[in-house]
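The structure appears right after this line, and notes come after that.
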Number of protein chains: 2
Amino acid sequence: MVTLEDVARHAGVSLATASRVLNGSSRQVGRAMRERVEKAAAELGYRTNVAAQTLARGASDVIGLVVHDLVDPYFAAIADGAMRAADARGHMVMVGTTHRDPEREIAYVSTLHAQRVRAVLIAGSRVTDAAVTDRLRAELGRYQETGGRVACVGQDLLGVATVAPANREGAADLARALAALGHTRFAVLAGPPHLVTAVDRRTGFAEALADLGLPEPQIVYGSFDRGGGYTAVQEVADATCVFAVNDVMAVGALAALRERGVRVPDDVSVAGFDDIATLRDLTPALSTVRLPLADMGARAVELALSGDHGDPPVVAGVEGRIVLRDSVRRLR
Amino acid sequence: MVTLEDVARHAGVSLATASRVLNGSSRQVGRAMRERVEKAAAELGYRTNVAAQTLARGASDVIGLVVHDLVDPYFAAIADGAMRAADARGHMVMVGTTHRDPEREIAYVSTLHAQRVRAVLIAGSRVTDAAVTDRLRAELGRYQETGGRVACVGQDLLGVATVAPANREGAADLARALAALGHTRFAVLAGPPHLVTAVDRRTGFAEALADLGLPEPQIVYGSFDRGGGYTAVQEVADATCVFAVNDVMAVGALAALRERGVRVPDDVSVAGFDDIATLRDLTPALSTVRLPLADMGARAVELALSGDHGDPPVVAGVEGRIVLRDSVRRLR
DNA sequence: CTGTTAGCGCCTTCAC
DNA sequence: GTGAAGGCGCTAACAG
């Protein structure tokens with residue numbers, strides 16, 4: 001294993017000089033020496049030992065990212081945006097997937113802290129369980145005390161910089177748009193009651209309907225994935241329009257409806273939330289609320305890395321945009 | 001920042017003892033001391049400094065993963081499998097995305113080498129450019145010389161342990177299955193001519209047709225993504241069956257056909273390759289060749305981590321399974 | 001501009 | 001079973 005010292009010796013310069021040319025210091029090095037060092041490094045096949053560098057510098061240039069599930073296109077898109085932004089700033093990204101286990105979220109923060117990553121990004125819905133949230137906050141707090149930066153994509157419940165999609169408002173806008181098409185009897189495939197994202201979207205939707213003087217929607221709980229939509233939609237009684245709180249669930253609902261011979265949008269309209277790119281080729285095309293997922297990931301990187309340590313955490317709201325496509329139909 | 005030394009002092013033991021308790025050594029430590037150390041660590045909020053540990057041990061427990069694009073469900077699935085396997089072995093995963101730039105692939109290997117990751121996983125098609133491949137091989141070679149482990153998901157062209165999907169054979173099987181339905185005039189949306197995966201699938205398909213005495217398929221090149229399928233299918237002349245060399249391209253093709261009012265499978269049959277889970281709810285359901293993507297990722301982790309340094313690289317073949325769904329139709 | 005020299009935090013022989 | 005001490009590879013003052 002070739003070390004900096006080997007390179008220095010091979011080039012006939014001091015360790016410090018070799019360090020300065022190979023691992024960007026602010027100091028200048030004379031052209032002649034610089035070239036000798038670079039030549040020696042190339043000849044020897046030198047590779048910086050980042051662990052040693054991190055130890056000496058007291059800071060690494062790795063960013064940690066915690067997501068629920070990379071196979072879920074929602075998180076894949078956020079991760080992609082975050083990784084592009086990280087890359088642009090010269091950072092590598094270390095990823096942990098929790099598969100929706102809040103305990104693992106906490107454990108990952110601890111692990112990433114141990115890795116002394118420069119920043120930790122937490123993406124995904126918070127849970128309504130205050131005790132779990134508090135423990136995550138505490139873990140993040142310990143990390144921040146030692147200089148760690150944190151940003152979250154989701155609800156502003158952690159006391160850290162947050163990219164917060166307007167779930168309530170987006171769902172409310174969607175409700176109004178659907179009502180404007182003449183729908184009055186709605187059902188909501190609401191996902192699990194302990195996921196804040198699901199709850200926000202469900203209540204935003206329901207409140208908007210109430211404001212319009214429309215009847216309460218039928219609420220069907222279930223899991224937050226395709227299967228949840230698939231199962232839940234089968235309990236819908238007589239709605240003319242079904243709102244699934246995310247696109248993946250809507251896809252499950254569409255599949256179940258198709259199997260039962262229910263036509264969309266002729267027999268029932270369906271809408272989702274997120275506007276997942278991979279799902280844009282479904283038939284009928286899914287109406288939804290578009291969230292700029294990749295931007296949100298990139299934004300989180302910026303928030304985490306910018307600002308000074310003492311600053312109060314920034315909360316960046318993100319608006320969803322209603323996209324009406326073929327899966328919904330005008331009733332009157 | 002709390003260090004091991006702080007913990008040792010707080011517990012009234014030596015640094016060595018604290019180290020043995022907190023960071024699993026093979027040595028035993030008396031029960032009383034162990035408990036004192038653990039208590040002190042908890043009280044102080046100690047977190048191992050992995051950088052220091054890596055430096056001292058000369059080995060990290062991070063695995064590097066290089067993929068083309070996390071938003072592409074193909075890679076998301078492989079990454080998911082790899083991360084689960086890594087996790088089960090106590091490793092974190094550092095991810096780099098190349099967005100199909102072979103130069104970045106090489107650069108990432110270098111970066112991961114600098115990070116002294118325990119193993120590097122490279123997922124994704126090789127390119128036909130031998131010069132680029134040689135440089136990647138060289139970079140991997142340098143890494144391996146210093147004890148790094150490597151595994152690849154794709155073609156066995158790097159001289160490292162490889163999980164190699166049977167692209168040729170899968171495509172050939174598919175061709176035979178489609179021919180058995182009575183199709184004789186085929187078109188292949190072939191992707192780019194420099195991607196080995198695309199080439200293998202195209203040639204496997206064409207060769208099987210030739211063996212059956214059927215006419216040569218029309219070959220249309222393009223990009224390896226949705227847009228590539230969308231564009232390429234518009235140049236298809238008079239085939240009764242279109243084979244897109246991956247599912248995402250097939251989705252693009254379906255979209256273009258739908259827009260032009262061409263019915264699938266009534267007017268033309270369409271098949272893809274990979275069997276991407278997220279795409280299983282398309283209508284018509286896509287016929288394809290199923291690859292166990294998550295398993296492949298997990299397998300790569302195993303291959304990389306197992307075996308001894310001198311061993312010749314293992315090549316693990318992976319078979320695809322034909323899945324015929326509604327997007328193809330029997331002609332006779 | 002270049003070299004010398006303490007550490008950075010932890011692991012691991014080696015004695016006790 | 002426990003402690004003392006050298007060293008892992010690099011950085012960043014500090015001198016020159």
For residues 75-89 of chain A, please give each side-chain donor-acceptor pair under 3.5 Å, one per line with the distance, not counting sequence neighbours.
{"unit_1": "Asp80(A)", "atom_1": "OD2", "unit_2": "Arg84(A)", "atom_2": "NE", "d": "3.1"}
{"unit_1": "Arg84(A)", "atom_1": "NH2", "unit_2": "His99(B)", "atom_2": "ND1", "d": "3.2"}
{"unit_1": "Asp87(A)", "atom_1": "OD1", "unit_2": "Arg104(B)", "atom_2": "NH2", "d": "3.1"}
{"unit_1": "Asp87(A)", "atom_1": "OD1", "unit_2": "Tyr108(B)", "atom_2": "OH", "d": "2.6"}
{"unit_1": "Asp87(A)", "atom_1": "OD2", "unit_2": "Arg104(B)", "atom_2": "NH1", "d": "3.3"}
{"unit_1": "Asp87(A)", "atom_1": "OD2", "unit_2": "Arg104(B)", "atom_2": "NH2", "d": "3.2"}
{"unit_1": "Arg89(A)", "atom_1": "NH1", "unit_2": "Ala85(A)", "atom_2": "O", "d": "3.4"}

Could you check how far [atom1] of [X] sits from [atom2] of [N], rounded to whole Å?
X	N	atom1	atom2	result
Glu5(B)	dC8(C)	CD	P	9 Å
Arg20(A)	dA12(D)	CZ	P	11 Å
Met1(A)	dG7(D)	CE	P	19 Å
Arg9(A)	dG3(C)	CZ	P	14 Å
Asp6(A)	dC10(D)	CG	C1'	13 Å
Leu22(B)	dG9(C)	CG	C1'	13 Å
Leu4(A)	dC8(D)	CG	C1'	13 Å

Legend entry - Any N/O donor-acceptor pair, Arg116(B) side-chain to dG9(D) base, under 3.5 Å: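 There is none.
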Inset, instruction - Give, for atom CD of Gln144(A) and atom NE2 of His113(A), the distance between the pair rounded to the nearest 0.5 Å. - result: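 Interatomic distance, Gln144(A) CD to His113(A) NE2, rounded to 0.5 Å: 10.5 Å.
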Which nucleotide wins on minimum distance to the side chain of [X], given the candidates [options]?
X	options	answer
Asn23(A)	dC11(C), dG3(C), dT11(D)	dT11(D)
Met33(A)	dG9(D), dG3(C), dT2(D)	dG3(C)
Leu15(A)	dG9(C), dG3(C), dC10(D)	dC10(D)

Below the 4.0 Å mark, does [N] have OP1 or OP2 next to a side-chain nitrogen or oxygen of [X]?
X	N	answer
Ser14(B)	dA4(D)	no
Ser19(A)	dC10(D)	no
Thr17(B)	dG3(D)	yes

Inset, instruction - Would you check if the side chain of Tyr143(A) reaches a backbone N or O of Ala114(A) as a donor-acceptor pair within less than 3.5 Å? - result: no
Inset, instruction - Examine distances only and state if a side-chain atom of Arg118(B) and a backbone atom of Ser60(B) form a donor-acceptor pair shorter than 3.5 Å. - result: yes
Inset, instruction - Just grab all the side chain to side chain donor-acceptor pair (under 3.5 Å) pairs involving residues 127-138 of chain B, residues at least two apart or on different chains. - result: Glu103(B)-Arg135(B)
Legend entry - Interface with DNA chain C, restricted to residues 42-58 of chain A and to heavy atoms under 4.0 Å: Leu55(A), Ala56(A)
Inset, instruction - Please examine the side chains of Arg47(A) and Arg142(B), heavy atoms only from C-beta on, and report whether any two atoms are closer than 4.5 Å. - result: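 Yes, their side chains come closer than 4.5 Å.
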Inset, instruction - Using a 4.5 Å cut-off on heavy atoms from C-beta on, say whether the side chain of Leu22(A) contacts that of Thr48(A). - result: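 The answer is no, as the side chains (C-beta and beyond) never meet within the 4.5 Å cut-off.
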